[in-house]
Amino acid sequence: MAKVLTSREENYSQWYNDLVVKADLAENSAVRGCMVIKPYGYSIWEKMQAQLDKMFKETGHSNAYFPLFIPKSFFSKEASHVDGFAKECAVVTHYRLRNAANGKGIEVDPDAKLEEELVVRPTSETIIWSTYKNWIQSYRDLPLLINQWANVVRWEMRTRLFLRTAEFLWQEGHTAHATREEAIEETEKMIKVYAEFAEDFLAMPVKIGVKSENERFAGALETYCIEALMQDGKALQSGTSHFLGQNFAKAFDVKFLNKEGKQEYVWATSWGVSTRLMGALIMAHSDNNGLVLPPKLAPIQVVIVPIHKSAEQLNQISDKANEIMKQLKQRGISVKYDNSENQKPGWKFAEYELKGVPIRLAIGPRDLENNTVEVARRDTLTKSVMSLDNIDQSLETLLAEIQENIYNKALKFRDENTYQIDDYQEFKKCLDDRGGFILAHWDGTKETEEKIKEETKATIRLIPIDAPYEEGKCIYSGKPSYKRVVFARSY
RNA sequence: CGGGGUGUAGCGCAGUCCGGUUAGCGCAUCUGGUUUGGGACCAGAGGGUCGCAAGUUCGAAUCUUGCUACCCCGACCA
């Protein structure tokens, strides 16, 4: 087989880059740091969107849309928020171009300078809370549960397709509540929605927890997150949910009249997942033959490849393929029949493996005689021959099995790469040799976390919310600690 | 943003050091034929402002300067 991918063992990041491009998911664009998401990649994103959107609606949220541009002054209203984002904001300063004086090309018209510069949103808390001020007067207006699907811009120095790009697509939920308790409950509810989505659809096990102060979202009192382990032993933050307290309510003066007739500041949350999930999906499951997609997110779940010598044979195979397609479609299974003459079957086999199609059917003259079909699984790369009787039922079952198998494989990998470590030398050695999640004691101080980061490049990925009480000593300082936190090197 | 590398046909590359016919090769594409159970074969054809812009020169893919994009390593971040 012709080699199209760099192998994981040879160069993991090159493997990732090759895969994104060769599987037709995305490519770099003419704009620095920005990607073009190609149709095949975008259709995976659309599947993610559809499912998440459904889950948001089920939990009572409605979609809305807020502007891309945010007046600069809004940004400075919440001090820690501006600190967090100031270094990576794109700013619009002018609103007009003109023909260049020398007659060549165009230039920014210096006379068209904006009175107030506009920040291209890196996130929308400020524009949304300035709006919520007008929407909220009474406790009867609460809770306010809004989500928006949008693009945001963070001017990153170093970008990688899907994992970190200057512009990316995401959803951001922004909710307003009457009480602290209710807001915390919302924050926790949504991180659980993300975890459920990651596990059931991405087939990717995640750990849930809260961020340390260092890693917390700028402007939040508490940041909950889900973290997944990639095949190279690095962690990937895959979703965050923030309890914002009353910080934004105070910054934008959003108050409500409670049942007792008193003015109170509103309690806030925000939560988001992005096209980074595409990166997670790729790095969680794929192999040296290409993408491995969980059936629930695969744009094509079943592909049928005909194998024939004569045109007459092809006709017979096509009849059979059409029958199968009809049955599969009735079950809501997406299926493609690739009868193109351009490529030989072998080429097609490799191509659909590269693209991660979960099941491939091959039908040839032998199958016509025996009323069978050759079924190849992408997750195990195994082939078997199945009867065409009830093939739709068999394949539906197989898709579910593949979904489960992919999850179990990822779970096994994560468990095998999660270590309890109590010795700092061993901690460092583990990071260098194997990576993975390291459960270790930490004294709870910022200073210790920063020292560890400096010396090992590992950060606290999360503090588990359900960690058992366990007396121990901080791996770095030796001070007392009562639960283990999760360390890892991360993306 | 710092250090290093790369940019020549859709893709992968040679040519650049040491300037000089008409800029090559493989894959892909198109045409015709033979093929088809794991990336087929033969024959022919099309496709290039050599990343962009200046400069040096009789002459630039090749030398000089600036810019730009991508890749790798750092710092920063989802």
Side-chain angles (χ1 to χ4, degrees), chain A residues 1-6 11-14 16-18 21-22 27-35 83-89 104-105 122-123 152-170 172 194 211 214-218 223 225-228 235-242 270-280 289-290 305-311 313-314 317 339-354 360-370 372-376 381 383 385 453-454 457 459 461 490-491:
Chain A
M1 191 169 90
K3 192 185 122 183
V4 286
L5 286 179
T6 304
N11 183 340
Y12 190 85
S13 30
Q14 191 61 48
Y16 175 84
N17 291 333
D18 281 1
V21 173
K22 300 274 167 57
E27 60 188 33
N28 283 300
S29 70
V31 186
R32 183 197 196 98
C34 295
M35 65 179 162
D83 280 352
F85 287 104
K87 283 171 291 182
E88 50 190 37
C89 285
K104 282 182 187 170
T123 178
V152 284
V153 170
R154 297 180 189 174
W155 214 259
E156 298 291 348
M157 307 211 172
R158 199 171 153 193
T159 59
R160 295 194 64 193
L161 292 169
F162 289 120
L163 297 175
R164 176 165 294 107
T165 47
E167 180 192 13
F168 56 92
L169 305 183
W170 77 346
E172 44 180 327
Y194 289 154
K211 286 295 186 191
N214 280 344
E215 302 282 324
R216 200 177 286 156
F217 175 73
T223 288
C225 64
I226 52 171
E227 294 276 334
L236 184 74
Q237 178 174 306
S238 308
T240 50
S241 180
H242 315 291
S270 69
W271 28 273
V273 294
S274 71
T275 37
R276 179 178 246 204
L277 286 178
M278 294 286 294
N289 290 328
V305 177
I307 292 155
H308 63 282
K309 290 199 165 64
S310 65
Q313 270 176 354
L314 179 61
I317 292 166
N339 62 350
S340 62
E341 295 283 338
N342 301 348
Q343 276 89 25
K344 289 185 59 173
W347 192 94
K348 293 176 186 174
F349 293 174
E351 179 68 10
Y352 291 109
E353 269 163 27
L354 185 59
R360 182 188 71 237
L361 304 182
I363 309 177
R366 284 208 298 270
D367 298 301
L368 288 180
E369 275 176 37
N370 303 331
T372 57
V373 63
E374 183 191 84
V375 180
L381 293 168
K383 291 192 280 199
V385 174
K453 185 177 177 183
E454 244 170 66
K457 290 179 200 155
T459 50
R461 297 322 301 157
S490 73
Y491 278 95

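Of all nucleotides present, none satisfies the Watson-Crick or G-U wobble test against U56(B) with each distance under 3.5 Å. If you check U36(B) for Watson-Crick or wobble pairing at under 3.5 angstrom, you find it has no partner at all. In this structure, G51(B) and C67(B) make a Watson-Crick or G-U wobble pair, each of the two defining distances being under 3.5 angstrom. Using Watson-Crick or G-U wobble geometry with both donor-acceptor distances under 3.5 Å, G44(B) finds its partner in C30(B). Judged by Watson-Crick or G-U wobble contacts below 3.5 Å, the nucleotide C77(B) has no partner. Under the Watson-Crick or G-U wobble criterion, with both distances below 3.5 Å, U22(B) has no partner in any strand shown.
In this structure, T159(A) and K22(A) both approach RNA chain B, and ranking their closest nucleotides by distance from the 5' end singles out K22(A).
Across all strands, P365(A) comes closer than 4.0 Å to base atoms (heavy-atom distances). When heavy atoms are screened at a 4.0 angstrom cut-off, G33(A) is found touching the sugar-phosphate backbone but no base atom. Looking at heavy-atom distances under 4.0 Å, R360(A) makes contact with a base.
C71(B) and G66(B) are spaced 22 Å apart, taking the C1' atom of each and rounding to whole Å. Nucleotides A53(B) and A69(B), compared at atom P, are 16 Å apart to the nearest Å. Taking atom P on both nucleotides, A60(B) is separated from G51(B) by 15 Å, rounded to a whole Å.
Using a 4.5 Å heavy-atom cutoff, the side chains of E353(A) and R360(A) are in contact. Looking at R154(A) and T123(A), their side chains come closer than 4.5 Å, going by heavy atoms from C-beta outward.
If you measure from atom CZ of F349(A) to atom P of U36(B), you get 14 Å, rounded to the nearest angstrom. The separation between Q343(A) atom CD and G37(B) atom C1' is 17 Å, rounded to whole Å. The CE-P distance, from M35(A) to A69(B), rounds to 18 Å in whole Å. Taking atom CG on L361(A) and atom P on G37(B), their separation rounds to 17 Å, with Å as the unit. Atom C1' of nucleotide C71(B) and atom CG of D18(A) are separated by 11 Å, given to the nearest angstrom. Note: NZ (K344(A)) to P (G38(B)) measures 8 Å, nearest angstrom. The nearest whole Å value for the distance from the CH2 atom in W347(A) to the C1' atom in U35(B) is 17 Å.
For G38(B), the base has a donor-acceptor partner in the side chain of E353(A) [N/O atoms by modelled type, under 3.5 angstrom]. One donor-acceptor pair, N or O on each side, does fall under 3.5 Å between the base of G38(B) and the side chain of K383(A).
Under the 30°/60° scheme for interplanar angles, the aromatic rings of Y194(A) and W271(A) are found to stand perpendicular.
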Original post:
Reading nucleotides 73-78 of chain B from the 5' end, what letters show protein touch, with B for base, S for backbone sugar-phosphate only, - for no heavy atom under 4.0 Å?
Top reply: BBB-BB
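Regarding contacts with the backbone of C72(B), a side-chain N or O of N17(A) is found under 4.0 angstrom from either OP1 or OP2. The shortest distance between the side-chain N/O atoms of N289(A) and the OP1/OP2 oxygens of G38(B) is not below 4.0 Å.
Surrounding CH2 of W170(A) are more than 12 heavy atoms belonging to other residues, nucleotides or ligands, all under 6.0 Å away.
Atom CD of residue E215(A) and atom CD of residue Q237(A) lie 7.5 Å apart, to the nearest 0.5 angstrom. Taking CG from N28(A) and CG from N17(A), the interatomic distance works out to 8.0 Å, rounded to the nearest 0.5 Å.
With salt bridges taken as basic N to acidic carboxylate O contacts below 4.0 Å, none links E374(A) and R366(A).
Taking the centre and axis of the six-membered ring of Y491(A), the NZ or CZ atom of R164(A) falls outside the cone set by 45° and 6.0 Å.
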